[in-house]
Number of protein chains: 2
Amino acid sequence: MRDCPSRYAAGVNLRPVGAMPLSGQIHRQLMDAILDGTLTGALPSERELAETFGANRHAVREAIKRLQQARLVEVQQGGATRVLNIPDHAGLDLLPELVAGPGRLNHEATTGVLELRACIGADAARLCAERSPGVGAALLDLLPDAAMPDAELAAGSAAYWTALVAGTDSLPYRLALNTLLAGLDAIGDSPAAKDFMTALREESRRADELEQIAHAIRRGDAPAAGETARRLLNSSIPPR
Amino acid sequence: MRDCPSRYAAGVNLRPVGAMPLSGQIHRQLMDAILDGTLTGALPSERELAETFGANRHAVREAIKRLQQARLVEVQQGGATRVLNIPDHAGLDLLPELVAGPGRLNHEATTGVLELRACIGADAARLCAERSPGVGAALLDLLPDAAMPDAELAAGSAAYWTALVAGTDSLPYRLALNTLLAGLDAIGDSPAAKDFMTALREESRRADELEQIAHAIRRGDAPAAGETARRLLNSSIPPR
DNA sequence: ACTGATTGTCTGGTTGGACCAGTAACCCTA
DNA sequence: TAGGGTTACTGGTCCAACCAGACAATCAGT
């Protein structure tokens with residue numbers, strides 16, 4: 001059974017290196033096989049999968065339950081479990097897997113995430129200015145410092161946008177941010193991701209524009225907040 | 001054990017009335033308890049839950065696996081399984097559950113979904129005009145007819161926006177649409193949802209504006225497509 | 001009295017095997 | 001050849017263990 005991919009040990013919940021629960025390893029293998037098109041149509045039966053994975057059927061079932069929750073497969077008692085068409089059925093929470101698939105980095109998906117982020121982030125800035133001008137002052141305390149190391153910079157950027165989105169008073173926007181940030185986290189530090197990461201770092205360092213947004217929010221100037229945010233976020237989107 | 005909520009039998013996969021797998025029923029109960037704040041902090045142990053639900057521990061485990069996949073709980077071997085803070089951890093795929101929680105309709109969440117839809121839909125129209133002007137012609141065939149019954153109207157609207165978003169050539173936008181449509185589906189036909197539904201139906205009937213968008217896309221006029229879409233989609237957002 | 005290792009008991013993780021409950025394909029009949 | 005019934009397969013559930021990690025209470029050494 002293959003090792004635990006690094007991107008899975010990177011979360012809040014660290015585990016001893018290489019120690020992912022069996023059902024988690026099976027889940028990952030099946031997910032990877034579905035994403036790269038190796039696995040289509042009907043899945044092998046749970047009993048077969050258990051045998052090929054050298055695991056118990058229960059472990060396989062737990063893995064499949066998660067695929068089902070992500071709407072990657074459709075399971076029916078008595079019938080076969082089938083792989084669903086991703087564009088038609090999958091939800092946005094698939095982004096992290098999509099961005100950093102098995103081994104590779106998906107440039108198109110990553111670009112899409114950045115575009116979506118620009119779209120939603122700008123709208124969030126607009127709504128925040130309309131509804132929570134008070135957040136503007138708090139944002140001024142979250143501006144980056146030129147001397148900040150990269151890690152701190154990324155954390156600060158996440159904190160800034162999280163606070164801004166919280167100012168929309170809209171849970172859906174908040175959840176969308178979570179999903180997008182998870183997608184961006186998945187970009188990781190592979191050499192293939194270098195361009196994306198440098199662009200994002202540069203964006204995070206633009207204290208002047210982040211400050212402009214904060215001021216626009218503070219004075220309730222929704223259009224200015226939205227447009228400035230849009231301009232800033234667009235700077236990280238690679239040209240097509 | 002409580003009956004299968006109607007919104008769960010409404011999907012593609014119909015089941016005999018009242019027949020949801022046991023692990024699914026448990027999943028629903030736990031999810032509802034988490035969403036309405038009844039269940040916080042540490043969950044009871046799997047063995048306890050199995051006993052209180054009158055089910056086997058495996059059924060409970062499968063339910064918990066799905067909660068874990070939705071990032072509603074955090075589970076750690078040896079330690080307790082804990083409920084995660086929703087705004088901080090949950091992903092956008094939670095929308096359907098959020099909109100139509102246990103028994104109630106969440107107006108704030110529903111409004112948020114509509115706002116997010118307007119934001120993303122408008123941007124998708126813009127991108128579609130930039131990248132796939134050819135889609136404009138196809139959209140003209142998907143315009144609503146004044147004589148259409150409501151059900152057909154809703155299906156047609158979904159088809160229109162799906163085609164438009166497909167024109168962005170961006171899987172993330174496509175997935176976002178799936179998630180948002182799932183959220184809107186969850187609004188359902190409860191009396192409390194009447195205002196939302198009538199607004200959405202009215203929007204779907206605005207053939208002229210849908211046609212304007214299609215034409216703007218056909219001639220590659222991204223700003224016009226985006227602004228018209230934004231105006232149209234805004235019409236379904238209730239005033240604050 | 002305080003600190004620190006130890007131990008027991010709690011948690012989730014995994015296994016095996018058995019049986020129930022649907023589905024679907026096959027075969028046999030009319 | 002069309003119909004229905006048998007049968008072999010699918011997923012769903014259960015029981016009864018045992019493994020492995022976490023945690024708290026306990027007891028020894030200082």
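Just so it is clear: chains get the letters A, B, ... in the order the sequence lines come, proteins before strands, and each one is counted from 1.
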So does [X] get a side-chain nitrogen or oxygen closer than 4.0 Å to the phosphate oxygens (OP1/OP2) of [N]?
| X | N | result |
| --- | --- | --- |
| B:N56 | D:dT13 | no |
| B:R61 | C:dG13 | yes |
| A:T81 | D:dG11 | yes |
| B:S23 | D:dT13 | yes |

For atom [atom1] of [X] and atom [atom2] of [N], their distance in whole Å:
| X | N | atom1 | atom2 | value |
| --- | --- | --- | --- | --- |
| A:I26 | C:dG13 | CD1 | P | 13 Å |
| A:E51 | D:dT10 | CD | P | 12 Å |
| B:Q76 | D:dA20 | CD | P | 17 Å |
| B:L43 | C:dC10 | CG | P | 19 Å |
| B:L49 | D:dC14 | CG | P | 14 Å |
| B:L22 | C:dC20 | CG | P | 17 Å |
| A:Q25 | C:dG13 | CD | C1' | 12 Å |
| A:R66 | C:dG13 | CZ | P | 11 Å |

Base [N] to side chain [X], donor-acceptor N/O within 3.5 Å cut-off:
| X | N | result |
| --- | --- | --- |
| A:H58 | C:dG13 | no |
| A:R57 | D:dG12 | yes |
| A:Q77 | C:dG22 | no |

Would you mind telling me which residue lines up with the more 5' stretch of DNA chain C, A:G78 or A:R47, judged by nearest nucleotide?
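Nearest nucleotide further toward 5': that of A:R47.
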Could I get the full list of side-chain contact (heavy atoms from CB on, under 4.5 Å) partners for B:A70, not counting sequence neighbours?
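Checked B:A70 against side-chain contact (heavy atoms from CB on, under 4.5 Å); matches are A:Q69, B:L72.
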Would you mind classifying the nucleic acid contact of B:Q68 as base, sugar-phosphate or nothing, using non-hydrogen atoms under 4.0 angstrom?
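If one applies the 4.0 Å heavy-atom cut-off, B:Q68 turns out to touch nothing in the nucleic acid.
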Any carboxylate oxygen within less than 4.0 angstrom of a Lys/Arg side-chain nitrogen, looking at A:R66 and A:E97?
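No.
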Classify the ring geometry of A:H107 against A:F196: parallel below 30°, tilted from 30° to 60°, perpendicular beyond 60°.
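A:H107 vs A:F196 ring planes: tilted.
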Select one nucleotide: of C:dT14, D:dC23, D:dT13, the one nearest the side-chain heavy atoms of A:P21.
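Nearest nucleotide to the side chain: C:dT14.
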Is a side-chain N or O of A:Y173 found less than 3.5 angstrom from the main chain of A:T168, in a donor-acceptor match?
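The answer is no, because no donor-acceptor pair under 3.5 Å joins these two groups.
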How long is the straight-line distance from NE2 of A:H58 back to CZ of A:R61, given to the nearest 0.5 Å?
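One finds 8.0 Å between CZ of A:R61 and NE2 of A:H58.
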